[in-house]
Novice: 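Take a look at this one; I'll ask things after.
Each chain gets a letter, A, B and so on, in the order its sequence line appears, and its residues count up from 1.
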Amino acid sequence: MISLTVNGTEHRVDVSSDMRLLWVLRDILGLTGTKFGCGMSLCGACTVHLDGEPVRSCVMPVSLAAGKKITTIEGLSTDGSHPLQQAWIDHQVPQCGYCQTGMIMSAVALLKKKPRPTEADINEAVTNICRCGTYARIRAAIHTAARKVTGG
Amino acid sequence: MAKARIKVPEVVKRGTVFEVRLLIRHPMETGFRYDNVGQQIPKNIVHTVRCVYNGAEVFHAKLFPGIAANPYFSFFTTAEVSGELECVWTDDAGVTTSERVGLTVSE
Amino acid sequence: MKQIVNISRRSFLLRSAVVGGGLLLEVTLPKSSVAEAEQASAQAETSPEVTAWVLIRPDDTIIIRVARVEMGQGSFTGLPMLVAEELGCDWSKVRAEYASTSEHLRRNRIFQTMLTGGSRSIRDSQEYLRTAGAAARLMLTTAAARRWGVPGTECVAENSLITHTPTQRQVSFGVVAAEAATLDIPENPPLKDPADWTLLGQPAQRFDIPDKVTGKTAFAIDTRLPGMVYAAIAQCPVFGGSLKSADAKKIADMRGVVKLVPLEDAVVVVARESWWNAQQALRALPIEWDFGEHSQVSSDSILEFLREGIQLEKAPVSRQQGDIDSAFSSAATTIEADYYAPYLEHATMEPQNCTVLYTDQRVEVWAPAQNSEATAAVTAETADVPVSRVEVHKVHLGGGFGRRGMHIEFVRQAVRVAKTMPGTPVQLIWSREEDIQHGRYRPVALVRMRAALDAAGEPTAWTVRQAEQSIFSEVRPHLIRDGVDIVGVRTFADAPYAFPNMHMEYAMRNTHVPPGPWRAVAHTHNPFFRESFIDELAHAAGQDPYQFRRTLLQTPQASKDLAILDAVAEAAGWDSPLPEGVHRGIAVQDSYGSYTAAVIEAAVNGEGELTIHRVVIGIDCGSVANPDSVRAQLEGSVVYGLTAALYGEITIKEGRVEQSNFHDYRMMRIAEMPTVEVILKPTGGFWGGAGEPGMAPLAPALCNAIFAATGKRIRSLPLKNHDVRPA
Amino acid sequence: MMYARPSRLSRRHVLVGLLGSLGGLLVPLRKARSAGALPEKLVPLIREATGGVTPQVGRVTLTLPTLAESGHSVRLRVRVESPMTPQAYVKRIHIFSEKNPRPVIARFSLGPRAGRAEVHTRIRLAGTQQVVAVAIMNDGTAWMARAEVVVTAAACVEGS
């Protein structure tokens with residue numbers, strides 16, 4: 001049994017310790033907002049927060065997440081009211097939308113560290129892949145959310 | 001690989017109608033397809049199928065390229081006496097092939 | 001354990017059956033369905049179906065059905081806009097809902113087609129959807145007029161309210177919807193003049209976006225059913241090979257393993273609890289393949305094969321005009337060049353997957369497929385059941401790009417597995433490696449072009465020899481005419497340029513690598529070839545590449561190409577000075593009924609590092625439903641198209657694909673995103689596509705900019721293989 | 001009613017079709033599906049097959065799936081109501097395609113010994129179209145049935 005705290009709720013899961021966190025979230029806990037894209041930490045569709053740090057859950061053994069605070073897109077807000085989610089809607093960012101939950105989780109982690117990120121900060125922090133090519137709007141949405149939150 | 005498969009019931013009661021299933025292995029080249037280098041593949045289809053039951057024709061089909069590759073047919077005939085069912089087919093290359101199956105008719 | 005179970009469509013199907021026919025139900029329905037039908041009947045009372053496309057509730061909520069699938073292009077919103085414009089409803093009360101595939105089939109294909117592809121969703125359905133909206137509006141105003149006992153012509157509908165003009169009496173759509181639903185559907189209701197549109201042509205917020213930012217959107221891969229098991233698949237690495245054996249005993253004791261299902265060319269491991277278990281077991285499974293006859297094929301051998309096609313003395317003719325021989329013999333300058341483009345894989349972010357529940361009564365399917373009728377057909381054929389027993393659950397797709405239109409083998413595989421376990425839902429997921437190594441690839445192509453210029457630098461002749469794999473010779477042989485793949489020759493055979501003499505030939509060269517329609521199909525590599533070569537001619541003639549194109553586009557047939565070229569050149573400031581080291585390239589192309597052009601500004605430094613500063617891309621797609629969606633499609637095309645130009649390459653070694661994941665099949669990321677300016681120039685009077693046309697001008701505009709910057713002419717893609725240090 | 005009804009199915013048909021599918025009565029819908037004019041190009045071919053006799057709709061049941069994926073191999077079953085006696089039997093069954101490059105698909109010859117006038121086969125269909133079966137009886141009368149099959153294989157390419 002492994003104890004996990006996901007979005008503030010404690011879960012005890014009976015899985016092998018090397019099972020990747022992504023699959024525990026998706027298949028055991030039914031939290032399907034976190035996506036499988038590559039399985040090799042390359043695309044970022046599976047991004048969640050571990051004690052506030054963005055991690056690629058597709059390569060993270062669940063045992064390493066035990067005892068830490070895990071936040072998934074479902075834990076960001078219950079109603080899409082997080083400033084980044086709002087900015088994502090305002091800028092009509094998603095196309096197919098499959099990568100966007102991971103994108104948002106990367107952006108949330110960025111804004112925590114750098115409330116007014118530069119272009120270079122965004123380039124460094126948001127390395128997720130979007131095949132629909134929504135990057136320009138992602139960039140704009142991050143700046144909008146940053147301005148709103150920091151009151152600028 | 002067998003050139004064809006004929007399926008009939010193991011034993012049929014005399015006077016009953018039974019199903020014959022015939023599967024022929026043949027590409028049924030339509031003449032509309034192209035090979036890897038864009039050359040049209042010549043038409044070669046099975047154009048005629050006949051089935052003879054103890055010498056009497058019980059099924060005859062004239063076929064065109066609209067029949068799928070590995071032509072399959074199922075049809076019916078009436079059991080009379082034990083003997084042999086023979087299917088014969090000919091393709092555009094002039095090749096005639098046949099396949100037989102024994103048939104046991106009970107009283 | 002939390003279960004997220006997709007809502008069953010069963011009640012929805014019955015709902016439409018009982019409209020106007022409640023009496024018959026009691027005697028006809030099987031007993032088990034009566035309770036459900038009663039419940040559905042209650043719903044039907046509250047959601048009358050005015051037409052198949054429009055349901056209106058008493059609270060004035062309007063439900064507009066969508067037959068095509070949302071895969072990012074925005075048609076889940078754009079299609080309802082077409083209906084709503086003519087319906088005269090309050091857009092804020094409109095909700096979109098997928099039209100059920102089984103209901104569609106039972107009702108004689110009432111929703112026309114469910115295919116999503118070819119940049120066709122809006123342009124092919126705009127007329128019947130606008131007509132459907134207008135018909136529903138007439139039925140609503142007629143119902144209101146009857147209620148008031150006044151002529152229908154005195155009633156108008158706007159903002160979901162019907163007004164009797166002389167008396168100013170009003171009634172809302174929701175109040176008269178049930179009556180309207182009993183009326184006959186008018187056949188040719190008048191449509192609005194586009195000048196009077198209030199919704200179409202205005203940017204609208206997309207219906208699907210709010211749930212996509214919270215993770216609530218359930219893609220096919222997110223289907224969760226009680227008791228579901230997971231399946232992982234390994235397909236024979238060499239195309240055309242087959243499975244010899246797989247030793248199930250070796251994985252029998254691994255966690256969760258339920259069974260192994262061998263297929264002709266693949267093996268599937270089924271496991272409980274998680275796809276992780278299935279995939280781990282699959283990795284541990286000893287598999288023996290029969291690689292078949294193609295295990296020696298390589299990218300080099302394929303290139304040799306294409307060269308043979310170039311060197312053939314003659315090949316089937318795709319275009320002939322004038323006399324090229326005399327034009328070449330009197331030419332002052334002759335230019336000849338060979339161009340090459342590699343295989344490309346789609347790499348949809350949502351990998352191929354399919355969930356199937358097979359029972360004796362019916363087969364339910366959740367799949368990320370671009371045509372739900374095809375999903376139903378494949379399911380019925382594979383499960384060997386009548387299509388009336390198949391229920392396809394429609395879901396948004398995590399990308400499509402042509403990968404999942406004609407080729408939905410993952411559905412066939414999942415049905416095969418599920419049929420071995422009746423009553424147990426099975427979710428098959430391909431790993432990213434399977435996705436990249438078992439795609440349906442954009443075909444390889446090698447093209448030789450020659451052109452003649454006279455002493456004044458005027459182009460007099462153009463020849464093209466394409467040696468190319470045909471996408472359609474196997475799957476749609478009727479698209480091959482006299483040896484010419486009529487799709488593969490587009491861009492050349494229909495080029496708008498006014499060369500007085502032209503001769504074009506097509507040498508089909510099909511390999512064992514499975515080809516497929518990749519976003520924009522022929523209109524990705526062919527525009528790269530053509531528009532780069534035109535650039536070569538301009539330079540050979542000593543002319544400005546933009547002006548050179550203008551000269552060749554002075555015919556009535558080319559007027560829209562010319563107009564969009566001019567619009568983009570103007571927006572980009574073609575003649576304005578650029579910062580030191582920055583250079584421009586330009587290209588134009590019509591495709592999918594639309595006209596696009598692009599100007600790209602790029603710089604190459606001494607180390608050969610390329611920076612793309614600015615992309616100006618313009619489109620004339622005639623008419624526009626949701627301009628923000630068209631804009632987004634062009635922005636997205638820039639990324640998809642430039643990713644291919646910069647990095648995109650699938651290579652073959654020992655008969656198999658060498659790339660396997662995003663580390664060796666690289667994608668553009670946000671750091672590489674240039675500034676993009678989208679110019680929308682809809683000139684009206686026609687409807688063109690938007691999802692694919694933006695792809696065409698990108699690679700050539702970029703390579704033409706690189707030539708301007710470095711003097712190096714890029715004749716093969718991707719750019720990562722080239723040293724672009726200035727000569 | 002104010003407006004003429006278009007080619008759309010009547011509600012009654014739809015209703016019957018829907019209920020039918022629940023209760024196993026598929027017949028009305030199948031009829032609805034095959035409604036519409038006989039493809040023009042088949043008319044002379046059918047006339048030739050029947051020796052000039054105009055076939056009547058009925059006695060022939062033609063079963064094809066509503067949907068086919070690729071059209072490469074589509075199951076077809078044709079059955080003709082006939083006692084199959086030396087006095088009254090089916091002589092031939094012709095299968096025609098509306099849109100294949102060759103409209104004649106097959107011609108089956110039967111006789112009273114068949115006992116049952118029923119043939120199954122698998123056909124090719126180049127796109128969504130009608131398939132027509134015409135049965136010629138020994139008394140010279142001709143009967144026919146039609147079915148529409150939607151072939152779903154489609155690309156991002158048709159047209160422009």
Side-chain angles (χ1 to χ4, degrees), chain B residues 7-9 12-33 40 43 45-81 83 85 89 92 103 105, chain D residues 42 45 49 63-64 68-80 82-86 89-127 129-133 136 149 151:
Chain B
K7 271 193 160 174
V8 292
V12 217
K13 210 172 158 203
R14 185 212 258 286
T16 60
V17 174
F18 67 98
E19 185 180 16
V20 180
R21 285 186 283 176
L22 168 65
L23 177 69
I24 298 169
R25 294 205 179 274
H26 197 282
M28 296 293 279
E29 274 302 342
T30 59
F32 301 116
R33 293 202 320 132
Q40 212 149 12
K43 173 172 168 282
I45 63 162
V46 171
H47 54 72
T48 310
V49 180
R50 293 177 67 224
C51 291
V52 176
Y53 174 19
N54 284 347
E57 183 176 283
V58 292
F59 179 75
H60 184 283
K62 180 83 188 125
L63 308 180
F64 298 86
I67 293 290
N70 298 323
Y72 168 81
F73 306 96
S74 133
F75 57 90
F76 293 85
T77 191
T78 311
E80 288 179 347
V81 291
L85 193 81
W89 58 95
D92 292 329
L103 189 71
V105 176
Chain D
L42 296 186
L45 290 164
T63 309
L64 284 147
E69 189 214 2
S70 69
H72 288 173
S73 180
V74 182
R75 288 171 184 221
L76 175 149
R77 188 188 75 171
V78 59
R79 192 172 177 173
V80 187
S82 162
M84 295 305 273
T85 61
Y89 62 93
V90 178
K91 277 171 73 176
R92 287 193 312 277
I93 302 172
H94 300 252
I95 310 292
F96 298 102
S97 139
E98 177 190 2
K99 287 190 184 155
N100 282 7
R102 282 161 205 251
V104 183
I105 293 180
R107 185 174 71 226
F108 302 111
S109 303
L110 310 175
R113 269 190 64 176
R116 183 162 151 190
E118 178 173 337
V119 177
H120 301 217
T121 187
R122 292 196 284 242
I123 66 170
R124 289 176 167 134
L125 290 177
Q129 57 177 296
Q130 273 190 43
V131 176
V132 180
I136 318 291
V149 182
V151 176

Novice: Under 4.5 Å, counting heavy-atom pairs only, tell me which of D:P112, D:A106, D:A126 racks up the most with chain B.
Specialist: D:A106
Novice: Nearest 0.5 Å, please: how far is NE2 in D:H120 from OH in B:Y72?
Specialist: 7.0 Å
Novice: Please list, in residue-number order, every residue in residues 58-70 of chain B that has a heavy atom less than 4.5 Å from any heavy atom of chain D; write 'none' if there are none.
Specialist: B:V58, B:F59, B:H60, B:A61, B:K62, B:L63, B:F64, B:P65, B:G66, B:I67, B:A68, B:A69, B:N70
Novice: Check whether any side-chain heavy atom of D:R122 lies under 4.5 Å from a side-chain heavy atom of B:L23, and answer yes or no.
Specialist: yes
Novice: Which region of B:E57, side chain (C-beta onward) or backbone (N, CA, C, O), has a non-hydrogen atom less than 4.5 Å from a non-hydrogen atom of chain D, or is it both or neither?
Specialist: neither
Novice: I would like to know whether B:F75 and D:R116 meet side chain to side chain contact (heavy atoms under 4.5 Å, CB included); could you show each step before the answer?
Specialist: CA-CA 8 Å; B:F75 57 90; D:R116 183 162 151 190; over 6 Å; no
Novice: Against chain D, label B:I45 side chain, backbone, both or neither, depending on which of its atoms sit under 4.5 Å from a heavy atom there.
Specialist: neither
Novice: Mind checking side-chain contact (heavy atoms from CB on, under 4.5 Å) for B:E19 and listing every partner two or more places apart, or none if nothing turns up?
Specialist: B:R21, B:S74, B:F76
Novice: Rounded to the nearest 0.5 Å, how far does CZ of B:R50 lie from OG of D:S109?
Specialist: 10.5 Å
Novice: Under 3.5 Å, side chain of B:T77 to main-chain N/O of D:A114, donor-acceptor pair present?
Specialist: no
Novice: Any residues in residues 93-104 of chain D near chain B, with a heavy-atom distance under 4.5 Å, and which are they?
Specialist: D:N100, D:P101, D:R102, D:V104
Novice: Does D:R75 have more than 12 heavy atoms from other residues, nucleotides or ligands lying within 6.0 Å of its CZ?
Specialist: no
Novice: Considering residues at least two apart in sequence or located in another chain, which fulfil the salt bridge (Lys or Arg N to Asp or Glu O under 4.0 Å) criterion with D:R107?
Specialist: none
